[in-house]
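Report on one structure; see the data block that follows.
Source: prediction; values computed, not measured. In what follows, chains are A, B, ... by sequence order, proteins preceding strands, each numbered from 1.
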Amino acid sequence: MTSKDKFFSNKLLEWYEKNQRELPWRKNIRHKDYPYRVLVSEFMLQQTTVATVIPYFKKFINEWPTLKKLSHAKIEDVLLFWQGLGYYSRAKNLLKTVKIIDEDYNGKIPKDKINLIKLPGIGEYASAAISSIAFNKKAVAIDGNVKRVIARYYEIRGNDKSFEKKISEIAERICPNSKNRSYTQAVMELGAIICKPKNSDCHNCCLKSKCSAHKKNTVDRIPTIKSKPLKQKLNCISFLTIHNNSKILLKKRIGKKILTNQWEIPSTNWKVKPVKFSKKSTPVPNAKWKKTNVEFKHSFSHIDLKNTVYKSNINNSQIQLNEDDLKWVDLKKLNKYAVTTMSKKTLNLLNLIQI
DNA sequence: AATCCGGGGTC
DNA sequence: GACCCAGGATT
């Protein structure tokens, strides 16, 4: 432990005391349900910005204020709630984890990383984050923010395995033996609001006097950017069937790997080549179908999808539905279903709903 | 070790 | 359009 290491944790803790944001999951650390709220927040925050999470978190805690209540929830309800937040396996894993804690741990969240990491959806980062933030235990949580802050402060270059190893070794070495609840959040907080990926606010940084990258003016080049594989470009046509301008046909994505079990406007498979319209592929082949002017792109983490929308007005809703996973849904009751964001965008563009 | 999994904000 | 976000599971 060098004086530069000491400076890091001391200055950071001092800065955090005065500058931390008021975030809903940080309130009432003495409350019996505080660890549960930290648990929920850590699931939501994975690869998701604080600003996005806040409204979801508030509604979630309002709906399921305690671990016990969430443990009795149905996965359909949790998924409905998670709609639009993305990475839906988090919702399933959160419910699984809470059920395990309720049954195997007498409702008490494990305090140590070694037990937390066994739970579904909790990995290397989250186990350390929960242990330190919820229980004030010493545990080293390394997320994207931490990597960036440490890489700049010690001027660690690269983006490969050895980079990860160096960051990890330094993080272990400089982690203080107390105030870990604050320290874990302080490093991430600095990364989020001062030591940002771009336009980092070095002028207001409590670490600038000893920051190697700042002194050498290499902040913008650290950490080294990883080249990512190109996104696959895919196409689809979706078929909006509408009755009396009030009810639409939705289909459940059964057996799909992405957006599993969510409801959507029936669509062709996603294909590399532009999809040609054919009546046979529509949910109601004997109806009149018309191409709309709605055509837009929707991006996933690894796919850029172009969606072209066709529409059919159906006068009687008595038509035979051949498949069990097709259903007429009143536009006013759309919020009872987990509907894909792309389908909601479609309905919004057709002025059928407001998002 | 690479790939999959969402969606939105920022520049 | 490229990059990032309090990552984890799967293959």
Side-chain angles (χ1 to χ4, degrees), chain A residues 16 20-21 23-26 37-57 79 82-94 96-97 116-134 139-149 159-162 164 171 181 183-193 195-201 220-221 223-233 253 256-262 264 296-305 338-345 355:
Chain A
Y16 182 70
Q20 63 174 284
R21 295 171 287 182
L23 302 179
W25 47 89
R26 286 182 177 161
R37 294 195 288 264
V38 171
L39 179 80
V40 172
S41 76
E42 287 301 335
F43 271 83
M44 289 187 175
L45 285 163
Q46 289 166 18
Q47 290 293 286
T48 309
T49 55
V50 166
T52 301
V53 166
I54 288 176
Y56 280 89
F57 177 85
L79 276 173
W82 212 268
Q83 221 295 306
L85 194 54
Y87 285 159
Y88 299 93
S89 65
R90 293 183 294 177
K92 297 174 193 169
N93 284 332
L94 173 57
K96 277 189 199 169
T97 278
L116 284 162
I117 205 169
K118 295 174 186 167
L119 296 164
I122 297 179
E124 194 63 35
Y125 158 77
S127 55
I130 294 166
S131 184
S132 57
I133 298 172
V140 183
I142 302 176
D143 74 329
N145 291 309
V146 178
K147 286 180 195 171
R148 188 170 58 252
V149 171
N159 56 23
D160 54 358
K161 252 318 196 234
S162 86
E164 301 283 335
R181 168 174 294 137
Y183 175 75
T184 292
Q185 297 181 88
V187 190
M188 296 193 286
E189 191 86 340
L190 190 85
I193 66 184
C195 194
K196 297 175 286 186
K198 290 178 181 174
N199 296 336
S200 91
D201 190 8
D220 289 334
R221 284 182 278 150
T224 315
I225 293 168
K226 249 184 198 169
S227 67
K228 284 171 190 164
L230 287 175
K231 286 187 185 183
Q232 202 177 4
K233 292 187 189 300
R253 292 177 58 83
K256 305 281 187 182
K257 287 182 181 171
I258 188 169
L259 306 172
T260 313
N261 290 343
Q262 295 194 41
E264 68 176 357
F296 63 95
K297 287 181 181 170
H298 186 73
S299 283
F300 301 92
S301 47
H302 54 299
I303 295 168
D304 279 332
L305 181 62
V339 178
T340 65
T341 297
M342 193 172 80
S343 289
K344 283 187 176 173
K345 274 189 194 174
I355 53 175

Problem - Contact nearer the 5' end of DNA chain B, comparing A:Asn199 with A:Gly84 - result: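 Closest to the 5' end, via its nearest nucleotide, is A:Gly84.
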
Exercise for the section: Identify, with sequence neighbours excluded, every residue that meets ring pair (Phe, Tyr, Trp, His ring centres under 6.0 Å) alongside A:Phe57. Expected result: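 So A:Phe57 forms a ring pair (Phe, Tyr, Trp, His ring centres under 6.0 Å) with A:Trp25.
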
In whole Å, measure the gap between the [atom1] atoms of [N] and [M] for me.
| N | M | atom1 | value |
| --- | --- | --- | --- |
| B:dG6 | C:dC3 | C1' | 16 Å |
| B:dG8 | C:dG8 | P | 22 Å |
| C:dC5 | B:dC5 | C1' | 14 Å |

Handout entry: Partner residues of A:Lys344 under the salt bridge (Lys or Arg N to Asp or Glu O under 4.0 Å) criterion, sequence neighbours left out
Key =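 Partners of A:Lys344 under the salt bridge (Lys or Arg N to Asp or Glu O under 4.0 Å) test: none.
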
Problem - Contacts of type salt bridge (Lys or Arg N to Asp or Glu O under 4.0 Å), residue A:Arg26, not counting sequence neighbours - result: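 By the salt bridge (Lys or Arg N to Asp or Glu O under 4.0 Å) rule, A:Arg26 matches A:Glu189.
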
Completion exercise
5' to 3', nucleotides 1-11 of chain C under a 4.0 Å protein heavy-atom cut-off (B base, S sugar-phosphate only, - none) gives --SSBBBSS--

Problem - Backbone N/O of A:Lys196 and side chain of A:Ser200: donor-acceptor pair under 3.5 Å - result: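 Checking the backbone N and O of A:Lys196 against the side chain of A:Ser200, no donor-acceptor pair under 3.5 Å is found.
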
Practice task
Without swapping roles, check the side chain of A:Ser132 against the backbone of A:Ala129 for a donor-acceptor pair under 3.5 Å.
Solution key: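 A pair under 3.5 Å: yes.
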
Practice task
Quick one: label A:Lys257 by what it contacts on the DNA or RNA (base, sugar-phosphate, nothing), any heavy atom closer than 4.0 Å.
Solution key: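 Answer is sugar-phosphate: A:Lys257 comes under 4.0 Å of backbone atoms only.
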
Exercise for the section: Taking the six-membered ring for Trp and the single ring otherwise, decide whether the centroids of A:His298 and A:Phe296 are under 6.0 Å apart. Expected result: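 No, too far apart.
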
Exercise for the section: Could you verify whether a donor N or O on one side chain and an acceptor N or O on the other, from A:Tyr125 and A:Glu42, lie under 3.5 Å apart? Expected result: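 Present: a donor and an acceptor within the cut-off.
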
Problem - Outermost DNA chain B nucleotides near chain A [under 4.0 Å, heavy atoms] - result: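 From 5' to 3', the first and last contacting nucleotides are B:dA1 to B:dC11.
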
Exercise for the section: Mind checking side chain to side chain donor-acceptor pair (under 3.5 Å) for A:Arg90 and listing every partner two or more places apart, or none if nothing turns up? Expected result: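 Result, side chain to side chain donor-acceptor pair (under 3.5 Å) vs A:Arg90: A:Thr48.
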
